[in-house]
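Start at 1 and go down the list; that is how both ligands and their atoms are numbered. We use all heavy atoms of the structure for the numbers below, so side chains are in, but hydrogens, waters and symmetry mates are not. None of the values given here were measured: they were computed from a predicted structure.
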Amino acid sequence: MTPMLARTLAGLAAARATLPAPVTLVPTMGALHHGHRTLLRTAHEHSGHTGSLVVSVFVNALQFGSGEDLDRYPRTLERDVAICAEEGVAVVFAPDATQMYPGGAQQITVNPGPVGRLLEGASRPGFFDGVLTVVLKLFNLVRPDVAVFGQKDAQQLFLVRQMVADLNLPVDVVAAPTARDLDGLATSSRNGYLSQAGRVSALALSRALRAGAEAADGGPAAVLAAARPILAEAAVADPPLVADYVNLADPRTFAEVGAGYSGEALLLVAAKVGDTRLIDNMPLTLGGGI
Ligand code: PAF
């Protein structure tokens, strides 16, 4: 089935009116890869046989800081539509910036609150304001019953859920598992920026997460002690992996867990290889340590 391609708000409204419920939205910035296929398959599980899938493809300038990769971010709409056709998507909504931000700079934006200033928010000021603003706009335009976000962007997922709860938005937010390539690298549209050697350096991220998870019984200190040396080793590789953070967070609050914490946690890592910023995370169950 070839999806309807809506390039304008009017086109989306016309397409939306024909869609059988429940409508499930998968927001993306395009350059679809097999991680997005996981999102789409999760979306199908939630929309069942009768429902319909909408994929948005929009490279949202509002969530890019100055000096980030807005200009070189891959734009592959024809291929994205072909992937959506293979995955049974009903509508691809691919507006340009004049449709989404007709007045140019947005006057009103979503404040992501304190969690939005931690981790990714600390390293990329304004990032989550931009993400939540466009997600809220997409929710208002598409009016989905369900929206699917990847667990790989765990802080984004947390903040979208927080926005839905705090602003009483009538959308069920569903998480899709992180897809990984065979070598362990979490799939990302930005992986395409990496050289072969850069990719080898980047693999330290998933190795650090696995080492941390294996040490989970020993508690927070043991996890960090297992993960950090792997990143330190990659810091002297060619090209070097420059770690931004390694953090253990309580998934219910996103607050950093203290030394005595036990229970569910998220081990989160972020780093740059050259100009390419990569993030990854792994859920684990922490023992109390010794
Ligand atoms: O995760 C992404 O691709 C983007 O942050 C999103 C949710 C599509 C908003 O632009």
Closest protein heavy atom (residue, atom, distance) for atom 5 (O) of ligand 1: Gln156 OE1, 2.7 Å

State whether the shortest distance between N or O atoms of Thr28 and N or O atoms of ligand 1 falls below 3.5 angstrom. no

Hydrophobic cluster of Phe64, others only, ordered by chain and residue number, side-chain cut-off 4.5 Å: Met29, Val59, Leu70, Tyr73, Tyr193

Which residue holds the protein heavy atom closest to atom 9 (C) of ligand 1, what is that atom called, and what is the gap in Å? Gln63 OE1, 3.3 Å

For ligand 1, is there an N or O atom under 3.5 Å from any N or O atom of Asn60? no

Distance only, no hydrogens: is a donor on one side chain within 3.5 Å (strictly under) of an acceptor on the other, for Glu264 and Thr285? yes

Check which hydrophobic residues are tied to Ile230 through side-chain heavy-atom contacts below 4.5 Å, counting indirect links as well, and list them. none

With side chain to side chain donor-acceptor pair (under 3.5 Å) as the criterion, how do Tyr101 and Asn60 come out once you've worked through the C-alpha distance, each side chain's angles and the decisive distance to 0.1 Å? CA-CA 10 Å; Tyr101 300 115; Asn60 175 37; 2.6 Å; yes

List every atom of ligand 1 that sits less than 4.0 Å from any heavy atom of Val134, numbering the atoms from 1 in the order shown and giving each element. 9 (C), 10 (O)

Can you say whether the rings of Phe139 and Phe149 are parallel (under 30°), tilted (30 to 60°) or perpendicular (over 60°)? perpendicular

If we number the atoms of ligand 1 from 1 as shown, the ones under 4.0 Å from a heavy atom of Pro27 are 8 (C)

